[in-house]
Protein chains: 2
Amino acid sequence: MQQHTETEENYLKAIYHLSNLSISSINTSSIATSMSTSSASVTDMLKKLAEKELINYEKYKGVKITRKGEKVALNIIRKHRLWEVFLTKVLNFDWDEVHMMAEELEHVSSDELIKRLEAYLDFPKFDPHGDPIPDQTGKVEINNQMSLSKGDSGSRYTITGVGEHSSAFLKHLAKYGLKPGITVSIAEIMEFDKSMLVKVNKDKFHLSYDVSKNILVKTHGAI
Amino acid sequence: MQQHTETEENYLKAIYHLSNLSISSINTSSIATSMSTSSASVTDMLKKLAEKELINYEKYKGVKITRKGEKVALNIIRKHRLWEVFLTKVLNFDWDEVHMMAEELEHVSSDELIKRLEAYLDFPKFDPHGDPIPDQTGKVEINNQMSLSKGDSGSRYTITGVGEHSSAFLKHLAKYGLKPGITVSIAEIMEFDKSMLVKVNKDKFHLSYDVSKNILVKTHGAI
DNA sequence: TTTTATTTTTAGATTTGTCTAAATTAATTT
DNA sequence: AAATTAATTTAGACAAATCTAAAAATAAAA
């Protein structure tokens, strides 16, 4: 079952995540950007992944992940998110410190180890960033989340997750007390730069478009 | 600090362990054997490790680990043993299942992660096989253990560890109920094949030389 | 002390994942 | 529809860790 290299796994994960952002097939350069590598390297890897039937790939036509590839990706994501829960809940790391560590741990842990870790953590459904944890068979709860940047002035939203997991971004959010579970209402949206004025409890502050874009929410009360 | 490749770390670990078995310097072929690789590969790696001042190496003259190399090796051993404690004590794996998993985890865990894991485990002093866990600075308790195969007929010994960590060997010991802490007395030693008849509680059984050689003990009651 | 055997090192090839630069294909613009 | 621009793929090279086979050095035996 552990038949793929760490690099192959990382490419699959990136392709899976990109697939969830757009309906169409994924192009070479978007993968290159998200992996911080060259398009030439991506092309090489795409051939290898296609050979293993983890993706459907036609030259110049882009990439679609197969069901088989998706299962591999979801298994890695499952490991990543369970380790994040372990690091925050058991070892008391902050939620902005755990991403890179989980990035390494996800590749070295066997399915059996993860099964036991999951039981030990009492079957958590979400990681510290609000992302759902796939089960053993690759089932994920699809949480109907949207970007806060697409919200309306005057409406209230509950944060369910983030679209960016870097420590820098999360530390920034932490400064405002923003994290999954928190309720935010949009007081005003600025036309010229898409920035917004938001209210959290009694506090009011300004969020740039780059920030609000990466805050994921559900409409307050609904679904 | 995490400046060495996984392979370099594994070589260092092997060299460190071999150094503890003999007083003289280590030769190329013993490293090759313990790493299951060719002498040619070992030579290549020795040059690289010498370049980094982790070992002293002179062509055809063998290898001695430096203080710097020893510190790196001890840090990896520390991680390995703490993960073994985690896997057995927290995730309830058997002591014969954890070696390979720890072999992977030892390379991906940062010093900070290990520090927290150690605290969470309440600062254990020994791993499930009876091996001492080095502290952050690389200090290890030297337990004056000897091989059971060097024991005398009629004497009693307490098992403190094993000289071989393969699942096959440990499962074999488990069949007889042999593990660290157990007291064994030697009833008889056979001249022709160095095998021995031992007594544990009321049970009496036969151990081949290959087995007794890899059981580490201290003389009962003493030290 | 030669000769023989063993150990160690070098030389050259292979695999994985990467790169840059050049060539090819697709998309846009005029 | 032709020309230009952008995206993608190929070609060739490189670094890490490995291999086999041959050469060199050391150790053992005659």
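- Going from atom CD1 of A/Ile31 over to atom C1' of D/dT8 covers 12 Å, rounded to whole Å.
- In the model, A/His80 has no side-chain atom that pairs as donor or acceptor with a side-chain atom of A/Asp127 under 3.5 Å.
- Rounding to whole angstrom units, CG of residue A/Leu46 and P of D/dT9 are separated by 7 Å.
- At C/dT18, one or more side-chain N or O atoms of A/Tyr11 fall inside 4.0 Å of OP1 or OP2 (strictly under the cut-off).
- Heavy atoms of other residues, nucleotides or ligands lying less than 6.0 angstrom from NZ of B/Lys68 number more than 12.
- Counting only N and O atoms by type, the side chains of A/Ser166 and A/Glu164 include a donor and acceptor under 3.5 Å apart.
- Summary of the strand contacts: B/Tyr57 and A/Ala40 both lie near DNA chain C, and taking for each the nucleotide with the nearest heavy atom, the more 5' one is attributed to B/Tyr57.
- Protein atom CD of B/Gln3 is 15 Å distant from nucleotide atom P of D/dA16, rounded to whole Å.
- Nearest to the side chain of A/Tyr60, among D/dT8, D/dA24, C/dT16, sits D/dT8.
- Distance, A/Ile26 CD1 to D/dA7 P: 16 Å, rounded to whole Å.
- Counting heavy atoms of neighbouring residues, nucleotides and ligands inside a 6.0 Å radius, atom NZ of B/Lys194 does not exceed 12 of them.
- With D/dT20, C/dT8, D/dA17 as the choices, the nucleotide that has an atom nearest any side-chain atom of B/Ser38 turns out to be D/dT20.
- Atom CE of A/Met45 and atom P of C/dT15 are 16 Å apart (whole Å).
- When only modelled atom types and interatomic distance are considered, A/Asp210 and A/Ser208 share no side-chain donor-acceptor pair under 3.5 Å.
- For the pair B/His107 NE2 and D/dA17 C1', the interatomic distance rounds to 15 Å; values are reported in whole Å.
- Between atom CG of residue A/Leu207 and atom NZ of residue A/Lys213 there is a gap of 13.5 Å, rounded to the nearest 0.5 Å.
- Between the CD atom of B/Glu8 and the P atom of D/dA15 there is a distance of 15 Å, rounded to whole Å.
- Residue A/Thr37 places at least one side-chain N or O under 4.0 Å from the OP1 or OP2 atom of C/dC19.
- Comparing C/dC19, D/dT8, D/dA16 by their nearest atom to the side chain of A/Asp44 picks out C/dC19.
- In this structure, A/Thr28 reaches the sugar-phosphate backbone alone: every heavy-atom distance under 4.0 Å involves primed, P, OP1 or OP2 atoms, never a base.
- For C/dA26, neither phosphate oxygen OP1 nor OP2 lies less than 4.0 angstrom from any side-chain nitrogen or oxygen of A/Lys59.
- If you check every strand for non-hydrogen atoms under 4.0 Å, A/Asn27 touches sugar and phosphate atoms only.
- When heavy atoms are screened at a 4.0 angstrom cut-off, A/Ser41 is found touching base atoms of the nucleic acid.
- At the heavy-atom level, A/Lys61 lies nowhere under 4.0 Å from the strands shown.
- If you check every strand for non-hydrogen atoms under 4.0 Å, A/Ser29 touches sugar and phosphate atoms only.
- The CD-P distance, from B/Glu9 to D/dA17, rounds to 11 Å in whole Å.
- Among the protein residues, B/Ser39 comes within range of the nucleic acid bases, having at least one heavy atom under 4.0 Å from a base atom.
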